[in-house]
Each structure stands twice: as structure tokens, then as C-alpha cells.
S.K.: 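Here it is, the structure in full.
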Amino acid sequence: MAKNSANGDHQTTTKPPPTPSPLRFSKFFQPNMRILVTGGAGFIGSHLVDKLMENEKNEVIVVDNFFTGSKDNLKRWIGHPRFELKRHDVTEPLLVEVDQIYHLACPASPIFYKYNPVKTIKTNVIGTLNMLGLAKRVGARILLTSTSEVYGDPLVHPQTEEYWGNVNPIGVRSCYDEGKRVAETLMFDYHRQHGIEIRIARIFNTYGPRMNIDDGRVVSNFIAQALRDEPLTVQAPGTQTRSFCYVSDMVNGLIRLMEGENTGPINIGNPGEFTMIELAELVKELINPKVEIKSVENTPDDPRQRKPDITKAKELLGWEPKVKLRDGLPLMEEDFRLRLGVSKKI
Ligand SMILES: NC(=O)c1ccc[n+]([C@@H]2O[C@H](COP(=O)([O-])OP(=O)(O)OC[C@H]3O[C@@H](n4cnc5c(N)ncnc54)[C@H](O)[C@@H]3O)[C@@H](O)[C@H]2O)c1
Ligand SMILES: O=c1ccn([C@@H]2O[C@H](COP(=O)(O)OP(=O)(O)O[C@H]3OC[C@@H](O)[C@H](O)[C@H]3O)[C@@H](O)[C@H]2O)c(=O)[nH]1
């Protein structure tokens with residue numbers, strides 16, 4: 001029985017998990033682990049697929065509607081005997097036989113999740129309901145990639161998993177912030193009511209190669225601007241903080257959570273906290289010392305501070321991030337240079 005994080009024992013379940021298909025108990029035919037990754041054509045998802053495919057006992061199925069993801073992120077696996085890519089929108093039911101579900105399908109960039117807020121909340125609510133229904137039918141363990149946005153504009157800093165958050169229920173970010181909170185609620189309700197094996201990761205800002213170049217997130221924006229000799233656009237006040245986790249650390253954390261015995265929620269992120277001005281200055285120093293930095297307007301409900309308390313990840317998962325921002329940014333710069341066709345000035 002999965003142990004829950006220390007949010008009180010009201011989260012435990014007395015129900016045994018649903019039994020998986022009899023095939024799993026066959027003595028002779030040891031099938032591979034069949035893993036579904038929803039949103040696997042995206043930034044984090046495609047790196048997760050890379051890592052899962054390293055294990056020859058894994059078969060990976062990716063479903064994605066390509067709203068923000070791209071087949072290009074998975075081109076190395078298309079045609080591989082242990083890999084399958086299916087165009088599917090998780091707001092529609094999905095019939096596949098799997099043993100684990102990594103449920104990542106949801107646009108992550110604020111520009112994209114605010115583009116069609118109704119679709120975003122449908123993806124988070126109906127999409128998660130569909131994936132939980134699938135997990136119940138086939139007896140799969142399911143991991144939800146939730147977010148630090150469930151803490152909203154936090155009044156507790158750094159954020160621990162016990163903090164209930166400070167979220168606007170009717171703002172322009174609510175489709176995502178509240179959508180993810182409902183997704184977490186559904187995960188725990190299925191766990192308590194049906195015994196589903198759940199895992200919840202609260203992901204903090206993650207960066208690295210394969211981020212969409214113009215997806216509007218701060219790290220991708222600053223690097224693309226520095227490479228294009230455009231001013232770095234620091235959104236006011238510029239003193240707001242974020243903590244940035246490199247994608248390989250994130251993927252290792254997600255797999256440890258899935259393979260471990262703890263339901264979560266568990267913060268997965270890098271506690272290294274920076275203001276947006278400090279981030280701009282670091283990008284300027286590392287990538288283009290001549291680039292300007294300018295202040296621009298921000299959007300409503302932008303959280304003023306964010307930093308994960310990762311005590312649980314360390315103690316329960318034996319995980320902590322390894323890649324510092326100063327070391328991760330050049331790896332992302334290299335990827336952006338290749339994709340933008342901008343060579344390094346010698
Ligand atoms: N990157 C971050 O900093 C961050 C932080 C917190 C949480 N997360 C979460 O991690 C997950 C992955 O984020 P990412 O940064 O890789 O974003 P991303 O936008 O690159 O990936 C999301 C993927 O989901 C797909 N998708 C979106 N809606 C879908 C739908 N209805 N049906 C099927 N596929 C759909 C997209 O096409 C894309 O491939 C998301 O759930 C996001 O909320 C990311
Ligand atoms: O060009 C920019 C873009 C953004 N910013 C600022 O940088 C900060 C981070 O903004 P981003 O859009 O990168 O990301 P956010 O922190 O808002 O959301 C991010 O973390 C939470 C996740 O769930 C989201 O999926 C992820 O995108 C904000 O304060 C924003 O105002 C800039 O200063 N300049």
C-alpha cells in the first residue's frame with residue numbers, strides 16, 4: 001500500500017488497488033513494463049521518454065495532441081519496436097493496456113495555457129478524469145505532473161507541501177492553477193475511493209533543451225533574445241523570484257517518484273532562487289554581454305516569489321537537483337543556437 005506524504009492520515013486508503021490484467025501474473029511470459037506518457041511530445045515529456053527508453057524492459061506509448069509539443073522531439077524513437085506515438089487529445093477517453101501512466105498532457109507556458117482557458121481547464125479536469133478512469137480499468141499506477149502554481153502567489157516561503165496556497169479562483173491563470181488543484185483532488189479521490197496507486201509531483205520552473213523557442217517562458221525568452229541581439233524583456237517589477245530546475249534533474253525526480261512508495265504531493269524543483277533581474281544579468285554574462293536589459297509590463301496574478309522546500313524529495317525519494325543554473329543555461333544555449341542557426345561568436 002502506498003504511503004502518503006505527511007499531510008495527515010486522511011489521505012490513506014483502505015481499498016486495495018484494482019488488479020491488473022492476468023497477463024501480469026504469468027509465470028512464463030514476462031512482458032515488458034508498458035508505460036503511457038501523455039504529453040510525451042512536449043518539453044519535459046520527450047526527455048522523460050528518452051530516459052524511459054534507456055531501459056530495455058520498458059515499452060513506451062506517447063499520446064499527444066501536438067498543441068505545444070512536436071513529433072520532432074521524439075524523432076529518434078519513431079519506428080522503434082518498443083515505442084508507439086498516437087495523436088490523441090486526453091479530453092477524449094483512451095483505451096490502451098498499460099502498467100504505468102505519466103500524465104503530463106497540459107500546456108505549461110502561461111501564454112499557451114491562457115490562449116484557450118476553457119480548453120486548459122478541460123484538459124486538467126476531464127483529461128485527468130479520463131486518465132484516472134484508464135488507471136482504474138487496467139490497474140495502472142498513475143503520476144500527475146502538478147505544479148508550483150497550486151501555491152498561487154505564496155504567502156509561505158519557501159513553499160512546503162503542507163501549504164494550501166493563495167490562489168485566485170477567477171483570474172486569467174486560474175484555468176491552470178485551479179485546474180491543476182482539481183486534478184490533484186481527483187487523484188486523491190480515486191486513491192481513497194478506488195485504491196488507485198497515485199503519485200503527485202509538484203513541478204517547479206524547469207528549463208533545458210527542446211523548450212519551444214518562442215513559447216514565452218522566461219528562460220527560453222531570455223536565451224532567444226540574447227542570441228537574436230534583442231533586449232532581454234524583464235517583466236515588472238523584476239524583483240519577483242523563481243527557482244529553476246534543469247530538465248535532466250526533473251526527469252530523474254519524476255521517475256524516482258513513480259518507482260517509489262510515496263503518493264506525494266512532493267515538490268520537485270531546484271531551491272536556487274533568483275530574481276528576474278538576476279536571471280537576465282546571468283544570461284547577459286554567459287551568452288551576450290552586449291545585450292540590453294529592458295523593463296516591460298507584466299500580466300495579472302504573476303506570483304511574486306517561488307522557491308521549493310525539497311526536504312520531502314530528499315528524504316522520501318533520495319533525490320536532489322545536481323545541475324546549477326550557471327551550468328544548465330549553456331546547455332540550453334547550445335540547443336537554441338543549433339535550432340536558430342546562430343553560431344557562437346569567436
Ligand atoms: N516546464 C515547467 O516549468 C513546468 C512547471 C510545472 C509543471 N509543469 C507541468 O509539466 C507538464 C509538461 O510540461 P512541459 O513544460 O513539458 O510543457 P509542454 O507544453 O512542452 O508539454 C505539454 C505537452 O502536452 C501536450 N498536450 C497539451 N494539451 C493536451 C491534450 N489536451 N491532450 C493531449 N496532449 C496535450 C502538448 O502538445 C505538449 O506536447 C505539464 O503538465 C505542465 O503543467 C511544467
Ligand atoms: O520574457 C519574460 C517572460 C517572463 N518573465 C517573468 O518571469 C517569471 C516566470 O514566468 P514564466 O512565464 O517563465 O513562468 P511562470 O513561473 O509564470 O510559470 C512556470 O512555472 C509554473 C509552471 O506550472 C508553468 O508551467 C511554468 O511555465 C514571471 O515573473 C514573468 O513575469 C519575464 O520577466 N520576462
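This structure is a prediction, so every number in the text was calculated from the model and none was measured. Note that ligands are numbered from 1 as they come in the structure, with each ligand's atoms numbered from 1 the same way.
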S.K.: With heavy atoms of Asn221 as the reference, note each atom of ligand 2 found under 4.0 Å away.
M.R.: 1 (O), 2 (C), 3 (C)
S.K.: Suppose I only count heavy atoms of Asn205 and a 4.0 Å limit; which atoms of ligand 1 are within that range?
M.R.: 3 (O)
S.K.: With backbone taken as N, CA, C and O and side chain as the heavy atoms from C-beta onward, which portion of Arg217 lies under 4.0 Å from ligand 2: side chain, backbone, both, or neither?
M.R.: both
S.K.: Which of the numbered atoms in ligand 1 are under 4.0 angstrom from any heavy atom belonging to Ser146?
M.R.: 7 (C)
S.K.: With atoms numbered from 1 as shown, which atoms in ligand 2 lie under 4.0 angstrom from a non-hydrogen atom of Ala108?
M.R.: 24 (C), 25 (O), 26 (C), 27 (O)
S.K.: Give the contacting part of Gln305 toward ligand 2: side chain, backbone, both or neither, where contact means a heavy-atom distance below 4.0 Å.
M.R.: neither
S.K.: If hydrogens are left out, which of Phe67, Tyr207, Tyr176 has an atom nearest to atom 42 (C) of ligand 1, that is, the closest non-hydrogen atom?
M.R.: Tyr176
S.K.: Give a yes/no on ligand 1: does His88 have at least one heavy atom closer than 4.0 angstrom to it?
M.R.: yes
S.K.: Decide whether the shortest distance between a heavy atom of Pro107 and an atom of ligand 1 is less than 4.0 Å.
M.R.: yes
S.K.: Taking the six-membered ring for Trp, are Tyr207 and Tyr246 parallel (under 30°), tilted (30 to 60°) or perpendicular (over 60°)?
M.R.: perpendicular
S.K.: Below the 3.5 angstrom mark, is there an N/O of Thr147, backbone or side chain, next to an N/O of ligand 2?
M.R.: yes
S.K.: When you look for heavy atoms under 4.0 Å from ligand 2, do you find them on the side chain of Gln235, its backbone, both, or neither?
M.R.: both
S.K.: Which option out of Arg217, Arg242, Lys86 puts a heavy atom nearest to atom 1 (N) of ligand 1?
M.R.: Arg217
S.K.: Can you label the angle between the Phe112 ring and the Phe67 ring as parallel, tilted or perpendicular, going by 30° and 60°?
M.R.: perpendicular
S.K.: What protein heavy atom lies closest to atom 32 (N) of ligand 1? Include the residue and the distance to one decimal.
M.R.: Val90 N, 3.0 Å
S.K.: Is it true that Gly238 lies under 4.0 Å from ligand 2, counting heavy atoms only?
M.R.: no
S.K.: Among all protein heavy atoms, pick the one closest to atom 40 (C) of ligand 1 and tell me residue, atom and distance.
M.R.: Leu104 O, 3.2 Å
S.K.: Considering heavy atoms of the protein only, find what lies nearest to atom 3 (O) of ligand 1 and give residue, atom and distance to 0.1 Å.
M.R.: Thr206 N, 2.9 Å
S.K.: Among protein heavy atoms, which sits nearest to atom 5 (C) of ligand 1, and what does the distance come to when rounded to 0.1 Å?
M.R.: Ile203 CG2, 3.5 Å
S.K.: So if I count the atoms of ligand 1 from 1 in the order they appear, which ones are less than 4.0 Å from some heavy atom of Gly69?
M.R.: 36 (C), 37 (O), 38 (C), 39 (O)
S.K.: Atoms of ligand 2 less than 4.0 Å from Val234 heavy atoms?
M.R.: 33 (O)
S.K.: Within a distance under 4.0 Å of any heavy atom of Phe66, pick out the atoms of ligand 1 and give their elements.
M.R.: 37 (O)
S.K.: Which option, Cys106, Ala108, Ala183, owns the non-hydrogen atom nearest atom 22 (C) of ligand 1?
M.R.: Cys106
S.K.: For ligand 2, does Phe204 get within less than 4.0 Å through its side chain, its backbone, both, or neither, judged by non-hydrogen atoms?
M.R.: neither
